[in-house]
Amino acid sequence: RFSGIDFEIIIIDDGSPDGTQEVAQQLEKIYGSDKIVISLCISVLKLFLFPSGTAYIHGMKYATGNFIVIMDADLSHHVRLLFMYSGKQKEGNFDIVSGTRYKGNGGVYGWDLKRKLISRGANFLTQVLLRPGASDLTGSFRLYRKEVLQKLMEKCVSKGYVFQMEMLVRARQLGFTIGEVPISFVDRVYGESKLGGNEIVSFLKGLLTLFATT
Amino acid sequence: MTKLGQWLCGLALLGSAWAALALAPPGLQPPAPLRQALLPLPVYLLVAFGCYSLATVGYRLATFNDCEEAAAELQEHIKVARADLRRRGLRL
């Protein structure tokens, strides 16, 4: 099915009692524990929680490929889009390929007007303040060259949405090249991405911190 | 230089230029019409930027794509994948 691309899947479980481990073990039995790596390959980190730095670091230890793709595991990011990431990376030999919901035919499903407004407003503010050279900074569907991800993990300190932003901002600082592909984000298939007052406040705090320190 | 640094430098530059021209002592003042336009300029620019921001965010909000087909396709794929995994022995 993934003709031409070798891949392996790394599942990171935070130990919460939602049955993840049992399913993962069954999958391992079905597909074999050596989904393999020869020349170009993509490790897919499927994170069952909102991605956090420790999960990335943990997963990277097991990854044996040249590139690492990080994506949400609640099916809001579709695996078939990986072809586009791979293609884009080869096209420009990019260090990072970032999925954008805001350009081309990228978009979302399952968001009401208020959510979309907040998203666009926050992104506008980010563009004005940080001029980051990428259209979607809070998305979490990205492909990284393995060494690049390792380098960035050392430097990034924030959490949550801001962590995703910091990764791209630091990448630009360090001179890494970033390519973009439009992606569709299908929300609310399993679980809903949260956006309460807390998230907004911490986003603003993080944005201002990045503004003042990068 | 940090982004904050860039903004402060830019504002300091523009601010001092504006102050030099608009608030100059009587001997060095530019002609009256120019002064009349210069004095409220900062406020005008702020308002203009506010309008631009509203217009831009409004436009982007209106053109925010809704991925109907992606969602429908995903449901299809989930069904197929579930059936396939069940065949191979996965029990949820």
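As a basis for the values below, the full set of heavy atoms in this structure was taken, side chains included, without hydrogen atoms, waters or symmetry mates. Since the structure is predicted, the reported quantities are computational estimates derived from the model, not experimental observations. Letters A, B, ... mirror the listed sequences (proteins, then strands); counts begin at 1.
- For the set A/L208, A/L210, A/L130, the count of heavy-atom pairs under 4.5 angstrom toward chain B peaks at A/L130.
- Contact of A/S184 with chain B is made through backbone and side chain together, with heavy-atom distances under 4.5 Å.
- The two residues B/W7 and A/L129 have their closest heavy-atom pair at NE1-O, 4.1 Å.
- Of the two parts of B/F49, only the side chain, counted from C-beta on, holds a non-hydrogen atom closer than 4.5 Å to a non-hydrogen atom of chain A.
- By the neighbour-count criterion of 12 heavy atoms within 6.0 Å, atom OH of A/Y102 is densely surrounded, having more than that number from other residues, nucleotides or ligands.
- Within a 6.0 Å sphere centred on CG of A/D112, other residues, nucleotides and ligands contribute more than 12 heavy atoms.
- At least one donor-acceptor pair under 3.5 Å links the side chain of B/N65 to the backbone N or O of A/G106.
- Atom CD of B/E73 sits about 13.5 Å away from atom OH of A/Y109, to the nearest 0.5 Å.
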Q: Quick one: do A/H78 and B/H77 satisfy side chain to side chain contact (heavy atoms under 4.5 Å, CB included)? Show the steps, please.
A: CA-CA 10 Å; A/H78 203 308; B/H77 288 178; 2.7 Å; yes
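- The aromatic rings of A/F124 and B/Y52 are tilted relative to each other, their planes meeting at an angle between 30° and 60°.
- Annotation: the span from B/T56 atom OG1 to A/N123 atom CG amounts to 11.5 Å, rounded to 0.5 Å.
- Taking CG of B/L61 as the reference point, atom NZ of A/K114 lies at 13.5 Å (rounded to 0.5 Å).
- Residues A/A212 and B/T2 come closest through the heavy atom pair O-CG2, 3.5 Å.
- The local environment of NZ in A/K151 is sparse, with at most 12 non-hydrogen atoms from other residues, nucleotides or ligands closer than 6.0 Å.
- Note that CG of A/N105 is 8.0 Å distant from SG of B/C67, once rounded to the nearest 0.5 Å.
- Ring geometry, A/W111 versus B/F64: the interplanar angle exceeds 60°, so the pair is classed perpendicular (tilted spans 30 to 60°).
- Expressed to the nearest 0.5 Å, how far CD of A/Q127 lies from CZ of B/R60 amounts to 6.5 Å.
- Although no hydrogens or angles enter the test, the distance criterion places no donor-acceptor pair under 3.5 Å between the side chain of A/R120 and the main chain of B/V57.
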(Q) If you apply the rule side chain to side chain contact (heavy atoms under 4.5 Å, CB included), what do you find for A/V186 with B/Q75, and how did you get there? (A) CA-CA 10 Å; A/V186 181; B/Q75 295 298 336; over 6 Å; no
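- If you measure heavy-atom distances from B/E68 to chain A, the contacts under 4.5 Å come from both the backbone and the side chain.
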